[in-house]
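Computed over heavy atoms, backbone and side chain alike; hydrogens, waters and symmetry mates excluded.
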Amino acid sequence: MTDDTNPIARVYNGANDMLTDRRSFMNGAAKLGLGGALLSYVGSDNVMAQEEDGMDEVTDIDILNYALTLEHLEANYYTEALEIYSEDDFEGFGSPGMETFSGGRPRYGTYQQYEKIRDHEVAHVETLSSVIEDLGGTPVEAAEYEFPYSSIQEFVELSATIEDVGVSAYAGAAPLIENDDLLAAALSIHSVEARHATYIRLQRERSIPFQAEDGAFDPARTMDEVIAIASQFIVSD
Ligand SMILES: [Fe+2]
Ligand SMILES: [Fe+2]
């Protein structure tokens, strides 16, 4: 097996260490010096201190805070765009994918679809925060963000990037969660993120959910890889 995006092949190839070792998942990013603001949110300082004390346990709370960090980013991203652009701006951009599905008569407006996505992200933030509190942890706060788009077209393109990062981040982090109930909750978010990604792909010019390079298996991203992308949008803590 040589397909690196195939999770079974990755195990056979011995290339899955970063995804199966909780400590290296969290500390690898610190070694790379990436995303200082992001790392401070997800508790890497705490992780490193624990390691020095001979305790290398990364908790489910750490992993949930990592997910919450990304959900804050997503929630702020859509909230901001829906404040900048009006319903007319969104409809002016067009929605070829939705028209394809509804015989040329869009059943739902583009703006309302993005409102729905925003509401999902806000719900993810609220739920993850309360679960972390219930577990005795401290939920990370939202940061200050700066998203590089200046048109609806660029917003949609960036949305695709952000959703793909979210999907791959959950795929990378979910296997590290020890509590089965929390794993089930993470998977229930993961599939919603995948639907966001699919809808946004339909928004793009090609208006198809699958690109030529898409295979039967999506890649999971390690924390290092996710931080390298997400930290571009975080300007302060
Ligand atoms: Fe989300
Ligand atoms: Fe999303």
Student: Do Val192 and Leu70 land in one hydrophobic cluster if side-chain heavy atoms of ILVMFWY residues count as linked below 4.5 Å?
Tutor: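 Val192 does not cluster with Leu70.
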Student: Is there a chain of hydrophobic side chains (I, L, V, M, F, W, Y, each step under 4.5 Å between heavy atoms) that links Val167 to Ile200?
Tutor: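 Shared cluster, no.
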Student: For Asp62 and Thr59, which I'm curious about, is there any donor-acceptor pair between the side chains at under 3.5 Å?
Tutor: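 Their side chains do contain a donor-acceptor pair, which is all the 3.5 Å distance test asks for.
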Student: Quick one: list whatever passes ring-ring contact (aromatic ring centres under 6.0 Å, His included) with Phe147, sequence neighbours left out.
Tutor: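 Residues passing ring-ring contact (aromatic ring centres under 6.0 Å, His included) with Phe147: Tyr77, Tyr145, Phe233.
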Student: With rounding to the nearest 0.5 Å, note down the distance linking CD in Gln113 to CG in Leu202.
Tutor: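 Those atoms lie 10.0 Å apart.
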Student: Give a yes or no answer on whether the side chain of Gln232 reaches the backbone of Ile229 with a donor-acceptor pair at less than 3.5 Å.
Tutor: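 Judged by distance alone, yes, a pair lies under 3.5 Å.
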Student: Under 3.5 Å, side chain of Ser188 to main-chain N/O of Ala185, donor-acceptor pair present?
Tutor: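 Checked: pair present.
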Student: Quick one: does Leu68's side chain get under 4.5 Å of Ser129's, heavy atoms only?
Tutor: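 Yes - at least one pair of side-chain heavy atoms lies under 4.5 Å apart.
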Student: So how far is it from Ser159 OG to Arg201 CZ, rounded to the nearest 0.5 Å?
Tutor: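 The CZ atom of Arg201 is 13.0 Å from OG of Ser159, to the nearest 0.5 Å.
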Student: If you measure from CG on Asp89 to OG on Ser151, what distance do you get to the nearest 0.5 Å?
Tutor: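 Taking CG in Asp89 and OG in Ser151, the distance rounds to 10.5 Å.
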Student: Working to the nearest 0.5 angstrom, can you tell me the gap between Thr138 OG1 and Asn65 CG?
Tutor: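 Answer for the OG1-CG pair, Thr138 versus Asn65, is 8.0 Å.
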Student: Say whether, by atom type as modelled, one donor and one acceptor occur between the side chain of Glu121 and the main chain of Arg118 under 3.5 angstrom.
Tutor: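 No: the side chain of Glu121 does not pair with the backbone of Arg118.
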Student: With Ser86 as reference, evaluate Asp88, Leu82, Ile84 under the side chain to side chain contact (heavy atoms under 4.5 Å, CB included) test and give the passing residue.
Tutor: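 Answer after filtering Asp88, Leu82, Ile84: Asp88.
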Student: Students often mix this up, so state it plainly: with edges at 30° and 60°, are the rings of Phe155 and Tyr78 parallel, tilted or perpendicular?
Tutor: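 Geometry flag for Tyr78 against Phe155: perpendicular rings.
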Student: Would you confirm whether Glu193, through its side chain, and Ile189, through its main-chain N or O, come within 3.5 Å as a donor-acceptor pair?
Tutor: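 Pair absent, no side-chain N/O of Glu193 close to backbone of Ile189.
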Student: Distance check, rounded to the nearest 0.5 Å: Glu133 atom CD versus Leu128 atom CG?
Tutor: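 Here the rounded value is 11.5 Å.
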Student: Can you check whether His124's main-chain N or O pairs, donor with acceptor, with Thr127's side chain at less than 3.5 Å?
Tutor: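 It does not hold such a pair.
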Student: Using ring-ring contact (aromatic ring centres under 6.0 Å, His included) as the criterion, list what pairs up with His120, not counting sequence neighbours.
Tutor: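 With sequence neighbours excluded, His120 shows a ring-ring contact (aromatic ring centres under 6.0 Å, His included) to His196, given in chain and number order.
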Student: Nearest 0.5 Å please: distance from the OH atom of Tyr66 over to the CG atom of Leu176.
Tutor: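 Between atom OH of Tyr66 and atom CG of Leu176 there are 9.5 Å.
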Student: Please confirm whether the backbone N or O of Leu182 pairs with a side-chain atom of Asp60, one donor and one acceptor, at under 3.5 Å?
Tutor: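 Not confirmed, Asp60 side chain does not pair with Leu182 backbone.
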Student: Are any non-hydrogen side-chain atoms of Glu144 and Ile234 less than 4.5 angstrom apart?
Tutor: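 Result no, sub-4.5 Å side-chain heavy-atom pair not found.
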Student: Which heavy atom in Ala169 sits nearest to a heavy atom in Val226, and how many Å separate them?
Tutor: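 Ala169 and Val226 have their closest heavy atoms at CB-CG2, 3.6 Å.
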Student: So, Asp119 side chain and Lys116 main chain: donor-acceptor pair closer than 3.5 Å or not?
Tutor: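 Checked: no pair found.
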